[in-house]
Amino acid sequence: MSKDLMMWLPWASIFLFIFLLIVLLHRRFVENNVWGKIVKKYKDNVDLKVLSESEFVTRFGAIETNSILYKLDRLMLTSGIKSILPFVNGEVFLAMMMVCSMAGFFEGIVFFHNGFVALFLAALQTVVLYVIAIGLAGKTYNQIEDNTAIFISILSNHAKGSSDIVSIMQNTIPSLSGPLRGIAEKFVLDAENTGNVDVAFDYMKESVDNRQLQTIIVNLKNCMHYQANYEEVLAQMMSQVAAGLSAREDRKNILFSMKLTLIVISIMAVIIVWIIGAGLAIDVKGSLTGNVFGQLLLLITGFLYLMFGIKMFKTDK
């Protein structure tokens, strides 16, 4: 009996540790989800009103910038994944990344029998999943950027006959498509369900990465508070959007040049190392893969490329 107990005790300890870790992570995610933070701010500051756009940005412009848990939860919003799969929040996404990492590690051990390969595959599969989410967020960003001018124009037309922003947004929805339609629908739904248009505006702002659209949302919210003319404010925003679109191609060309330069440098580095190895009669491949130092060097190089790949995808907007 004691022998059986000793055999199962380590497994029970591991299970307990994993269970406690999951409970703690879940608690942290509940504290750092986007909707919860926005609602909490309004519950804690019921009598406080936004007096100016600068004050709003100071108070609410960045609810949480350093929390990884909050950033993952927000990534699920900005990528559009949550609109397709509502159950996928930051917590679920982190669990998926952990599963991919463990799967990659076991693949390296089972198929390659190498710890360095296992570490690289663990990082690679985690990064691939993360990059997919970033890529979807970039696609959503570009779709929003393409349709922002149309969105402003439609809002302006409906603002001529109404001063209620919820009604204006609701009338705008049938003419929209893509991510902007879903964002507008969520705004109307939140405003009607909570009865607090401020909360709906804040959640709408946190659901997008596009700076111009965030500015439009802030201006619409301030118009609501000051009973300003929506049509005039939207007309001013139209010129800024047009200027942003004109600079978009230059930005895309710069990013494309950076990617092309990285590819050329990588190819040339491999060719140069191969030529030097051939000239000195050195087995470069064997030197890198046949000893611990070489494998460690390859692992570090692989990690650097993965980090640079993430950075490129993040700026590809």
Side-chain angles (χ1 to χ4, degrees), residues 34-35 38-39 42 49-50 52-53 56-57 60-61 63 74 76-86 136-248 317:
V34 177
W35 180 257
I38 291 171
V39 173
Y42 277 93
K49 298 296 181 182
V50 178
S52 65
E53 180 178 339
F56 175 83
V57 173
F60 301 107
I63 297 173
R74 191 165 183 270
M76 296 301 98
L77 287 174
T78 58
S79 64
I81 294 176
K82 196 172 184 64
S83 61
I84 301 172
L85 302 171
L136 290 173
K139 181 181 178 182
T140 302
Y141 180 98
N142 291 329
Q143 289 176 333
I144 289 174
E145 191 173 45
D146 290 336
N147 296 314
T148 298
I150 298 173
F151 178 57
I152 294 175
S153 178
I154 298 171
L155 276 177
S156 182
N157 289 334
H158 288 292
K160 295 177 181 178
S162 176
S163 59
D164 178 24
I165 187 58
V166 178
S167 298
I168 294 172
M169 198 73 72
Q170 194 166 26
N171 294 331
T172 302
I173 291 173
S175 303
L176 299 176
S177 60
L180 279 174
R181 184 186 180 99
I183 292 168
E185 288 175 343
K186 187 69 169 64
F187 169 82
V188 173
L189 185 64
D190 290 339
E192 292 177 346
N193 289 343
T194 65
N196 191 330
V197 184
D198 285 333
V199 171
F201 265 126
D202 286 356
Y203 191 75
M204 186 183 189
K205 177 176 177 287
E206 290 298 317
S207 298
V208 297
D209 267 340
N210 189 287
R211 189 70 63 143
Q212 287 183 329
L213 183 56
Q214 288 181 337
T215 304
I216 293 168
I217 294 168
V218 171
N219 287 339
L220 290 174
K221 182 178 177 180
N222 286 328
C223 283
M224 179 188 69
H225 282 292
Y226 296 122
Q227 298 181 343
N229 190 312
Y230 290 109
E231 191 177 355
E232 291 181 4
V233 173
L234 290 169
Q236 295 175 4
M237 291 301 304
M238 183 65 81
S239 60
Q240 297 180 23
V241 171
L245 288 174
S246 64
R248 180 183 179 184
K317 294 180 179 177

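None of the values given here were measured: they were computed from a predicted structure. Reckoned from all heavy atoms, side chains included, excluding hydrogens, waters and symmetry mates.
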Side-chain contact, heavy-atom cut-off 4.5 Å: [X] with [Y]?
{"X": "K186", "Y": "M204", "value": "no"}
{"X": "D190", "Y": "F201", "value": "no"}
{"X": "K221", "Y": "V197", "value": "no"}
{"X": "N210", "Y": "T140", "value": "no"}
{"X": "M224", "Y": "D198", "value": "yes"}

Could you grab the distance from atom [atom1] of [X] to atom [atom2] of [Y], nearest 0.5 Å is fine?
{"X": "I84", "Y": "S79", "atom1": "CD1", "atom2": "OG", "answer": "8.0 Å"}
{"X": "R211", "Y": "Y141", "atom1": "CZ", "atom2": "OH", "answer": "8.5 Å"}
{"X": "Q143", "Y": "N147", "atom1": "CD", "atom2": "CG", "answer": "7.5 Å"}
{"X": "M238", "Y": "S156", "atom1": "CE", "atom2": "OG", "answer": "7.0 Å"}
{"X": "I183", "Y": "F151", "atom1": "CD1", "atom2": "CZ", "answer": "8.0 Å"}
{"X": "Y203", "Y": "N196", "atom1": "OH", "atom2": "CG", "answer": "15.0 Å"}

Next item on the list: Step by step, work out the side-chain contact (heavy atoms from CB on, under 4.5 Å) result for Q170 and E192.
Entry: CA-CA 11 Å; Q170 194 166 26; E192 292 177 346; 3.7 Å; yes
Item checked: Derivation and outcome, side-chain contact (heavy atoms from CB on, under 4.5 Å), residues Q212 and I144 -> CA-CA 10 Å; Q212 287 183 329; I144 289 174; over 6 Å; no
Check: Is there a donor-acceptor contact under 3.5 Å from the side chain of T172 to the main chain of I168?
Finding: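 Present.
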Note to self: When you measure from the side chain of Q214 to the backbone of V208, do you find a donor-acceptor pair of N or O atoms at a distance under 3.5 Å?
What the structure shows: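 Yes; at least one donor-acceptor contact below 3.5 Å.
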Next item on the list: Tell me, with the steps shown, if L155 and Y230 meet side-chain contact (heavy atoms from CB on, under 4.5 Å).
Entry: CA-CA 9 Å; L155 276 177; Y230 290 109; over 6 Å; no
Notebook entry, point to check: Can you check side-chain contact (heavy atoms from CB on, under 4.5 Å) on I154 and H158, steps first, answer last?
Noted result: CA-CA 6 Å; I154 298 171; H158 288 292; 3.6 Å; yes
Next item on the list: Can you spot which of T148, L213, I152 makes a side-chain contact (heavy atoms from CB on, under 4.5 Å) with M237?
Entry: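 Passing option: I152.
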Checklist line | Taking every non-hydrogen atom, the tightest pair across V166 and A191 | finding: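 Looking at all heavy atoms of both residues, the shortest contact is CG2-CB, 3.9 Å.
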Next item on the list: Kindly give the heavy-atom pair with the smallest separation between R181 and L176, and that separation in Å.
Entry: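 Nearest heavy atoms, R181 then L176: NH1-O, 3.2 Å.
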